[in-house]
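Report on one structure; see the data block that follows.
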There are 2 protein chains.
Amino acid sequence: MAPLEADGARPPSSGKRPATTPGSLAGFESLEQLLKEYVPSDKLEEALRVLHGSKSGKPVSELPLSEEVLSSAEKQDFDIQAYQFSAAAEQLRAPRVVRVGVVQNAIVLPTTAPYAKQRQAIFNRVKSIVEAAGAASVKILCLQEAWPMPFAFCTREREWSEFAESAETGPSTRFCQDLARKHNMVLVSPILERDEAHGGTIWNTAVVIGNNGNVIGKHRKNHIPRVGDFNESTYYLEGNTGHPVFETAFGKIAINICYGRHHPLNWMGFGLNGAEIVFNPSATVGELSEPMWSVEARNAAIANTYFVAAINRVGTETFPNAFTSGDGKGAHKDFGHFYGSSYFAGPDASRTPSLSRCRDGLMIADMDLNLCQQVKDKWGFRLTARYEMYAKLLSEYVKPDFVPQVIKDPSL
Amino acid sequence: MAPLEADGARPPSSGKRPATTPGSLAGFESLEQLLKEYVPSDKLEEALRVLHGSKSGKPVSELPLSEEVLSSAEKQDFDIQAYQFSAAAEQLRAPRVVRVGVVQNAIVLPTTAPYAKQRQAIFNRVKSIVEAAGAASVKILCLQEAWPMPFAFCTREREWSEFAESAETGPSTRFCQDLARKHNMVLVSPILERDEAHGGTIWNTAVVIGNNGNVIGKHRKNHIPRVGDFNESTYYLEGNTGHPVFETAFGKIAINICYGRHHPLNWMGFGLNGAEIVFNPSATVGELSEPMWSVEARNAAIANTYFVAAINRVGTETFPNAFTSGDGKGAHKDFGHFYGSSYFAGPDASRTPSLSRCRDGLMIADMDLNLCQQVKDKWGFRLTARYEMYAKLLSEYVKPDFVPQVIKDPSL
């Protein structure tokens with residue numbers, strides 16, 4: 001993780017990715033890197049405990065990786081980081097440690113290149129990162145939102161719908177199935193789905209592929225952003241798959257796609273259904289959301305007592321035609337800088353540092369899934385949640401004649 | 001805000017407070033102070049944007065205070081900080097700027113002193129801080145949880161119940177009424193309530209006193225902690241007042257008391273009823289919760305599109321008899337160090353720095369309440385929330401025969 005050049009330019013890379021790094025990244029790849037560079041070590045430890053610590057007072061520890069994996073990452077110019085969350089040993093149950101990974105990546109070819117070539121170039125790039133994850137024995141791996149394509153929804157142009165494909169038999173699914181079998185790995189593949197059984201309707205969907213290469217199922221994005229004039233419902237509407245939890249060979253997982261991270265009820269739904277790890281594949285840019293990024297997924301891990309993986313794509317994607325989108329500015333050709341910064345958060349309030357704000361990356365973490373029940377038993381959030389009260393409140397709230405509970409100062 | 005001594009001892013103070021500062025505070029009073037001391041200014045700005053920034057890319061700005069107020073804080077040895085949140089000017093509505101304050105304070109006399117003297121000493125100390133708030137023209141001020149007493153619930157001893165008092169006519173309420181009238185200020189006073197109309201039952205209650213000195217109403221803590229063997233339900237059970245929003249002369253406010261901050265549904269309840277500012281008066285110690293502190297209240301501000309004030313007491317309180325409480329250690333005489341760190345968070349993901357981790361403090365902020373609707377209209381969380389789906393999900397979940405939505409890998 002070399003510091004950025006003073007002008008914020010990204011270091012030369014082996015790929016031909018058009019992604020650029022704006023000067024506003026102001027010379028640091030991640031907040032943790034900045035702290036480590038400047039804060040004296042005796043104060044740094046306490047600062048990291050306050051920022052990232054677990055209840056035990058220790059931040060997550062680093063997980064050693066093999067020379068092979070590290071040199072592969074260096075050669076192919078992607079950030080790689082690995083950590084382990086700790087859990088207590090239990091007397092009546094063995095540990096359930098699973099190695100989990102997430103991938104963040106820029107697109108490779110310009111958005112003006114033929115679509116088939118754009119997709120194939122992304123396949124090649126992602127394959128090299130997934131292979132490194134496989135070599136590091138990752139057992140559950142999640143890719144970023146709409147990973148086989150540029151994040152073109154900001155343009156509101158119809159032609160990008162061509163990237164939509166079948167969740168069950170499309171090229172991205174076949175690509176992932178091969179890798180899942182090869183590495184005995186569960187793969188979560190967020191794509192643009194074409195639903196041929198329902199007139200070719202498009203969905204924003206995560207496909208869950210089991211370690212035997214079979215499609216276990218899929219989940220469709222529950223909450224669709226309409227932020228300023230950025231409106232994904234041009235392409236797809238709210239998902240109709242509920243809050244499924246996928247019971248894989250390595251643990252119970254769920255996927256909260258992108259904008260659903262702003263909705264605590266969505267996180268709750270996956271928790272009520274028993275998720276132990278919830279992935280949040282996203283595509284979000286600095287000016288819109290960077291100050292929220294470290295807050296929302298981590299809060300979900302704490303409130304729902306499960307592990308969360310927050311994944312954001314990286315780089316700036318330039319489109320042929322100018323558009324307005326979300327930021328109140330005049331028409332321009334890019335949505336903003338996707339700031340990466342993927343991370344894991346634990347149910348005990350601990351979290352890992354972030355991946356780079358400007359480079360592709362693979363983050364790996366060992367999680368003992370027993371930690372979820374341990375923290376539930378200690379902190380008692382389920383025990384004390386009073387769900388009946390909220391079932392009633394929401395049932396009242398959705399009525400058109402709902403009257404809010406307001407006590408007005410009678411002396412006014 | 002002088003840096004702590006190397007041994008972590010608190011600087012000499014004008015009061016006689018027994019609160020001590022453990023060495024584990026490791027030499028910084030707040031994270032923001034630490035960053036400002038060590039990170040170069042060109043990188044600091046971007047770091048603070050990522051940590052605390054609003055969507056506009058600017059953190060909250062400092063609010064100048066009068067010499068009188070500043071010298072009062074210095075003379076009386078409490079931290080004072082003031083900020084302003086910004087909102088856009090609107091064409092059809094005037095700004096609604098309100099000056100809001102929160103107080104964090106240590107107890108003054110040892111817990112072995114006569115109760116009347118303990119309470120009077122706290123009254124005197126808090127009065128001096130409230131007077132400073134009044135001099136600074138604060139219009140809504142919230143005190144910390146159970147402010148007129150030591151936080152004795154960790155002991156599970158019955159005699160501390162003596163501190164309970166009537167919400168309508170008790171000494172704390174009378175104390176606040178005088179100050180509210182004098183300063184034309186709304187005061188939120190979280191106390192231990194004795195409910196004489198129901199057999200002297202005890203509640204953990206926030207009393208809302210209007211700027212004319214009348215009691216507008218009260219709210220009882222909705223979620224009662226049972227964390228490890230720390231169990232407040234020895235004294236009081238879950239509140240029966242719903243999620244009231246109090247419409248005061250200066251804005252619509254609500255109170256999420258302490259442990260309720262871990263429950264996103266509790267935050268949601270106040271939001272559904274229209275709160276513009278939610279206070280979270282708390283009493284929580286470093287080993288249990290410090291890494292969660294900057295996450296939960298701030299997430300609530302973002303998710304519910306209102307302002308939040310997070311308030312924690314400060315200092316270490318030593319009790320006559322040893323007890324076990326929450327941390328898995330052997331019996332000991334204190335619950336841990338209350339780390340202060342009170343702060344405000346805005347609906348646009350911005351937040352203020354924190355008050356000191358070891359000193360009494362007053363934090364003030366100017367908030368244009370129009371910002372709530374502005375951010376709601378831009379980000380659309382209410383529009384996209386799908387409350388009907390969650391009303392159904394929760395209604396199903398609370399049934400004893402609820403079956404979670406789990407899709408098991410059929411190949412296993």
Side-chain angles (χ1 to χ4, degrees), chain A residues 26-28 31 34 38-39 43 46-47 50 53 210 212 214 216-217 223 226-228 242-249 262-265 269 272-274 290-292 295-296 298-299 302-303 349 378-381 384-385 387-388 390-391 393-395 397-398 404-409 411-412, chain B residues 26-28 31 34 38-39 43 46-47 50 53 210 212 214 216-217 223 226-228 242-249 262-265 269 272-274 290-292 295-296 298-299 302-303 349 378-381 384-385 387-388 390-391 393-395 397-398 404-409 411-412:
Chain A
F28 62 94
L31 202 59
L34 185 75
Y38 292 105
V39 175
K43 296 183 164 72
E46 175 73 350
V50 171
N212 293 326
N214 54 313
I216 301 178
H223 298 271
R226 296 155 174 89
V227 179
H243 294 84
V245 166
F246 300 93
E247 189 172 345
T248 75
H262 304 301
H263 289 282
L265 291 168
L272 296 184
N273 286 324
E290 196 163 5
M292 303 177 176
V295 175
E296 292 166 317
R298 191 173 176 206
N299 188 75
I302 296 168
K378 169 162 184 179
W379 276 90
F381 295 158
T384 58
Y387 293 114
E388 291 83 356
Y390 297 104
L393 174 60
L394 282 170
S395 301
Y397 180 75
V398 296
Q405 184 188 357
V406 176
I407 301 174
K408 188 172 175 179
D409 186 343
S411 81
L412 297 179
Chain B
F28 62 92
L31 202 59
L34 186 76
Y38 292 105
V39 175
K43 296 184 164 75
E46 175 73 349
V50 171
N212 293 325
N214 54 312
I216 303 178
H223 298 271
R226 296 156 174 88
V227 179
H243 294 85
V245 166
F246 299 93
E247 189 173 346
T248 73
H262 305 301
H263 289 281
L265 291 169
L272 297 184
N273 286 323
E290 197 163 4
M292 304 176 175
V295 175
E296 293 167 314
R298 192 173 175 206
N299 188 75
I302 297 168
K378 170 162 185 179
W379 276 90
F381 295 159
T384 59
Y387 293 115
E388 291 81 356
Y390 297 104
L393 175 60
L394 282 171
S395 301
Y397 180 75
V398 296
Q405 184 188 358
V406 176
I407 300 174
K408 188 172 175 178
D409 185 343
S411 81
L412 297 180

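Proteins get letters first, then strands, A, B, ... in listed order; numbering begins at 1 in each.
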Any chance you could measure [X], atom [atom1], to [Y], atom [atom2], to the nearest 0.5 Å?
X        : Y        : atom1 : atom2 : result
A/Asn273 : B/Leu393 : CG    : CG    : 6.5 Å
B/Ile407 : A/Ile216 : CD1   : CD1   : 9.0 Å
B/Leu31  : A/Lys43  : CG    : NZ    : 13.0 Å

Inset, instruction - Take the angle between the ring planes of A/His263 and B/Phe381 and call it parallel below 30°, perpendicular above 60°, tilted in between. - result: perpendicular
Legend entry - chain B contact via A/Thr248 - which portion, at a heavy-atom distance below 4.5 Å: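 Just the backbone, heavy atoms under 4.5 Å.
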Inset, instruction - Heavy-atom distances under 4.5 Å only: say whether A/Tyr397 touches chain B with side chain, backbone, both or neither. - result: side chain
Inset, instruction - Return the option, out of B/Gly269, B/Gly217, B/Ala249, B/Gly210, with the maximum number of heavy-atom pairs under 4.5 Å with chain A. - result: B/Ala249
Inset, instruction - Using a cut-off of under 4.5 Å on heavy-atom pairs, state which of B/Ile302, B/Leu34, B/Val39, B/Val50 scores highest against chain A. - result: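 If we count pairs closer than 4.5 Å to chain A, B/Val50 comes out on top.
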Legend entry - Side-chain heavy atoms of B/Arg298 within contact of A/Asn299, under 4.5 Å: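 Heavy-atom side-chain distance check fails, nothing below 4.5 Å.
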Legend entry - B/Glu247 vs A/Pro404 side-chain heavy atoms within contact, under 4.5 Å: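 SC-SC contact between B/Glu247 and A/Pro404 ruled out.
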Legend entry - Donor-acceptor contact present, side-chain B/Gln405 to main-chain A/His243, <3.5 Å: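 Such a contact is found between B/Gln405 side chain and A/His243 backbone.
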Of the non-hydrogen atoms in [X] and [Y], which two are nearest, and what is the gap between them?
X        : Y        : value
A/Tyr390 : B/Leu265 : CE2-O, 3.1 Å
A/Pro291 : B/Ala349 : CB-O, 4.2 Å
A/Glu388 : B/Val398 : N-CG1, 3.7 Å
B/Ser395 : A/Ser395 : OG-OG, 4.0 Å

Legend entry - Interface residue of largest heavy-atom contact number with chain B, from A/Gly380, A/Pro244, A/Gly274, under 4.5 Å: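 Winner by heavy-atom pair count: A/Pro244.
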